[in-house]
**Q** 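Shown below is the structure under consideration.
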Amino acid sequence: MKNTDSIKENTFIKGIIDGVPICLGYFSVAFAFGIFTVANGLTSLEALLISMTNVTSAGQLAAVPIIVSGGTLFELAASQFIINLRYALMSVTLSQKLDGSVSVADRFLIAFVNTDEVFAVASSKKAVGKKYMLGLILTPYLGWSAGTIVGAVAGNVLPALLISALGIAIYGMFIAIVVPPAKEDKHILFCVIIAIVLSCMFRFIPLLSKVHSGFVIIICAVAASALAAVLFPINSAGKEDNDEL
């Protein structure tokens, strides 16, 4: 006989409830993204379509300049692949938590909205079913989409000075994500510094400044992470072999 508490934990409603805090957080970030998108020349509908088809703040933020500047589809696809590669690893890990009620088609749908926060909540459970996961991804998806369209519409009606101020909010979010771990781990700090240096080189060195922004993102991300991986490898026990910076 199935445990009653276990059944309650795997219901659609429980998934929705657990997704509400994520939804609220996503709304504010997506609002900033909507403003950022229209400020860069895209329409409100285009901003909404980006959010509804690519649920990843970092990937979307990188995509907008590429789209606006007329970058190639290869640049767009490659930058998204590099930036969002971690989600593939998250999905592989999360798949071990899914019970028999989750079909292959369900897994593709869940992977589409398997963000950092959704992964964290689902991973805290012993096992999760189809109904729970569909509820868990629904509210964040709606919050992300709704925040984007509200921000995009606001970006078309609010005063330019206010839009300019709100437009930097999404950059503030990424700073808030990067700074704390960089302060705690010198290896992460090293990786961040390398990425910054490379980015500045592509911005201010005349020859390198001609490289399109899409490829700059790819080069900086791959080069910084690869260098950090070589200098600070992690052994089979999960510890870094080289503790010296």
**Q** Nearest heavy-atom pair of Asn156 and Ser44: which atoms, and what distance?
**A** ND2-OG, 2.9 Å
**Q** Compare all side-chain heavy atoms of Val64 with those of Leu42 and state whether any distance is below 4.5 angstrom.
**A** yes
**Q** Heavy atoms, side chains only, cut-off 4.5 Å: are Lys125 and Asp18 in contact?
**A** yes
**Q** Does Lys97 have more than 12 heavy atoms from other residues, nucleotides or ligands lying within 6.0 Å of its NZ?
**A** yes
**Q** Main chain of Met52, side chain of Tyr141: is a donor-acceptor contact present, judged purely on distance under 3.5 Å?
**A** yes
**Q** For a 4.5 angstrom cut-off between non-hydrogen side-chain atoms, does Thr148 reach Ile50?
**A** no
**Q** Check the angle between the aromatic planes of Trp144 and Tyr26 and answer parallel, tilted or perpendicular using the 30° and 60° thresholds.
**A** perpendicular
**Q** Do Val102 and Asp99 come within less than 4.5 Å of each other through their side chains, counting heavy atoms only?
**A** yes
**Q** On a heavy-atom basis, which atom in Ala146 and which in Phe27 lie closest, and how many Å separate them?
**A** C-CE1, 3.8 Å
**Q** Is there a donor-acceptor pair under 3.5 Å between the side chain of Ser145 and the backbone N or O of Leu142?
**A** no
**Q** Looking only at the side chains, is there a donor atom on one of Gln60 and Ser51 sitting less than 3.5 Å from an acceptor on the other?
**A** yes
**Q** Which atom pair, heavy atoms only, marks the closest approach of Ala62 to Ile83?
**A** CB-CD1, 3.4 Å
**Q** Hey, can you pull the donor-acceptor pairs under 3.5 Å for the side chains in residues 66-79, sequence neighbours left out?
**A**
residue: Ser69; atom: OG; partner: Pro65; partner atom: O; Å: 2.7
residue: Ser69; atom: OG; partner: Ile66; partner atom: O; Å: 3.3
residue: Ser69; atom: OG; partner: His212; partner atom: NE2; Å: 2.9
residue: Thr72; atom: OG1; partner: Glu75; partner atom: N; Å: 3.1
residue: Thr72; atom: OG1; partner: Glu75; partner atom: OE2; Å: 3.4
residue: Glu75; atom: OE1; partner: His212; partner atom: ND1; Å: 2.6
residue: Glu75; atom: OE1; partner: Gly214; partner atom: N; Å: 3.4
residue: Glu75; atom: OE2; partner: Thr72; partner atom: N; Å: 3.2
residue: Ser79; atom: OG; partner: Glu75; partner atom: O; Å: 3.1
residue: Ser79; atom: OG; partner: Leu76; partner atom: O; Å: 2.9

**Q** I'd like to know if the side chain of Ser209 reaches the main chain of Pro206, judged simply by a donor and an acceptor atom lying under 3.5 Å from each other, with no hydrogens or angles considered.
**A** yes
**Q** What are the two closest heavy atoms between Ala223 and Leu198, and how far apart are they?
**A** CB-CD1, 3.7 Å
**Q** Using a cut-off of 6.0 Å, state whether more than 12 heavy atoms not belonging to Arg203 lie near its atom CZ.
**A** no
**Q** Are Phe112 and Ile137 close enough, and set up right, to give a side-chain contact (heavy atoms from CB on, under 4.5 Å), and what steps lead you there?
**A** CA-CA 9 Å; Phe112 175 62; Ile137 66 175; over 6 Å; no
**Q** Would Val118 and Val121 count as a side-chain contact (heavy atoms from CB on, under 4.5 Å) if you check the C-alpha gap in whole Å, the side-chain angles of each, and the deciding distance to 0.1 Å?
**A** CA-CA 5 Å; Val118 168; Val121 172; over 6 Å; no
**Q** Is a side-chain donor or acceptor of Asp106 paired with a backbone partner of Ser103 at a separation under 3.5 angstrom?
**A** yes
**Q** Side chain of Ser101, backbone of Lys130: donor and acceptor closer than 3.5 Å?
**A** yes
**Q** Strictly distance-based, threshold 3.5 Å: is any side-chain N or O of Asp185 a donor or acceptor partner for the main-chain N or O of Pro181?
**A** no
**Q** Going through the checks in order, is the side-chain contact (heavy atoms from CB on, under 4.5 Å) test met by Leu98 and Val128?
**A** CA-CA 5 Å; Leu98 304 178; Val128 288; 3.5 Å; yes
**Q** Counting distance only, does the side-chain N/O of Ser123 pair as donor-acceptor with the main-chain N or O of Ala120 below 3.5 Å?
**A** no
**Q** Hey, is the main chain of Phe36 close enough, under 3.5 Å, to the side chain of Asn40 for a donor-acceptor pair?
**A** yes
**Q** Begin with the C-alpha distance, continue with both residues' side-chain angles, and end with the deciding distance and a verdict on side-chain contact (heavy atoms from CB on, under 4.5 Å) for Leu94 and Met90.
**A** CA-CA 6 Å; Leu94 181 59; Met90 290 182 187; 6.0 Å; no
**Q** Using modelled atom types only, decide if a donor and an acceptor are shared between the side chain of Ser199 and the backbone of Ala195 within a distance under 3.5 Å.
**A** no
**Q** Which heavy atom in Thr37 sits nearest to a heavy atom in Ala47, and how many Å separate them?
**A** CG2-CB, 3.6 Å
**Q** Indicate the atoms forming the closest heavy-atom contact of Ser91 with Asn114, along with that distance.
**A** OG-ND2, 3.2 Å
